[in-house]
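Notes to accompany the following structure.
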Amino acid sequence: LWFGTDGGGASRYDGKSFVSFTTAQGLANNTVFSITEDKSGNLWFGTDGGGASRYDGKSFTSFTTAQGLANNTVLSITEDKSGNLWFGTYGGGASRYDGKSFVSFTTAQGLANNNVRSITEDKSGNLWFGTYGGGASRYDGKSFVSFTTAQGLANNTVFSITEDKSGNLWFGTDGGGASRYDGKSFTSFTTAQGLANNTVFSITE
């Protein structure tokens, strides 16, 4: 198990003990917002200002704006079915990395907002981006469609997105509770329905 911490770097737990990795070992920055393992078994760490670090089990390689990353604060990372890595950044939009180079997507391309807090790929291969204040954007590989409170989303700041087994998408929002999207309309769940609090940072099934 890997843990990304606020200022302490990343910790690996093997079931018995912890080993920590910091800038001393080559991690880009000691505040780690996101961790993802790619198909090759590399670990990717999204950091606060240091860009993204890739760990191959031996050493770290860092990727920053110098290599084409949209912004060095990386809030979210996911790998799509094609093996591309997607990085959600604070202020730079989203960056796609194909193993060779970065391509960035911003409001200029139709993304709802350039602060991307969460990314997930659905069963159909669409990518969903949760933003700070802009709602959620769906990308089909060609263009973006955005969903906001105008379409029924509970709140336009989306911290987390998860697809359930039935193919519904769940959005955790800042103050609006959780919204479920069935492909047609949104249903919201708040403290009124028994949710503990209307700010939802993470969701899993």
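What you see is a predicted model, and the numbers here were worked out from it, not measured in a lab. Sequential numbering from 1 along the given sequence is applied to the chain's residues.
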- Task: Treat each ILVMFWY residue as a node, draw an edge where side-chain heavy atoms are under 4.5 Å apart, and state whether V200 and F189 are in one component.
- Result: yes

- Query: What is the distance from atom CG of N155 to atom OG1 of T148, rounded to the nearest 0.5 Å?
  - Reply: 10.5 Å

- Task: Report yes if some heavy atom in the side chain of L127 is under 4.5 Å from a heavy atom in the side chain of T78; otherwise report no.
- Result: yes

- For F33, check ring pair (Phe, Tyr, Trp, His ring centres under 6.0 Å) against everything at least two apart and list the hits. none

- Message: Keeping N198 on the side-chain end and G176 on the backbone end, is there a donor-acceptor pair under 3.5 Å?
- Response: no

- Under a 4.5 Å cut-off applied to non-hydrogen side-chain atoms, are F129 and F105 in contact? no

- Query: With a cut-off of 6.0 Å (strictly less than), are more than 12 heavy atoms of other residues, nucleotides or ligands near NZ of K165?
  - Reply: no

- Mind jotting down which residue pairs meet the salt bridge (charged side-chain N to carboxylate O under 4.0 Å, His left out) criterion with at least one end in residues 43-60? Sequence neighbours excluded, please. none

- Look only at the side chain of T5 and the backbone of A10, and say whether a donor-acceptor pair between them is shorter than 3.5 Å. no

- Message: For a 4.5 angstrom cut-off between non-hydrogen side-chain atoms, does T73 reach L75?
- Response: yes

- For L111, does its backbone N or O pair with a side-chain atom of T107 as donor and acceptor, under 3.5 Å? no

- With side chains defined as the heavy atoms from C-beta onward, is the minimum distance between T61 and N42 less than 4.5 Å? no

- Task: Tell me, yes or no, whether the heavy-atom count around Y90 atom OH, taken from other residues, nucleotides or ligands under 6.0 Å, exceeds 12.
- Result: no

- Query: With the 4.5 Å side-chain cut-off for hydrophobic clustering, are I119 and F144 part of the same group?
  - Reply: yes

- Donor-acceptor contact present, side-chain S53 to main-chain A28, <3.5 Å: yes

- Working to the nearest 0.5 Å, report the span between CD of E121 and CG of D80. 5.0 Å

- Task: Treat each ILVMFWY residue as a node, draw an edge where side-chain heavy atoms are under 4.5 Å apart, and state whether F3 and W44 are in one component.
- Result: no

- Hey, quick one: are I35 and Y13 part of the same hydrophobic cluster, counting side-chain heavy atoms closer than 4.5 Å, chains of contacts allowed? no

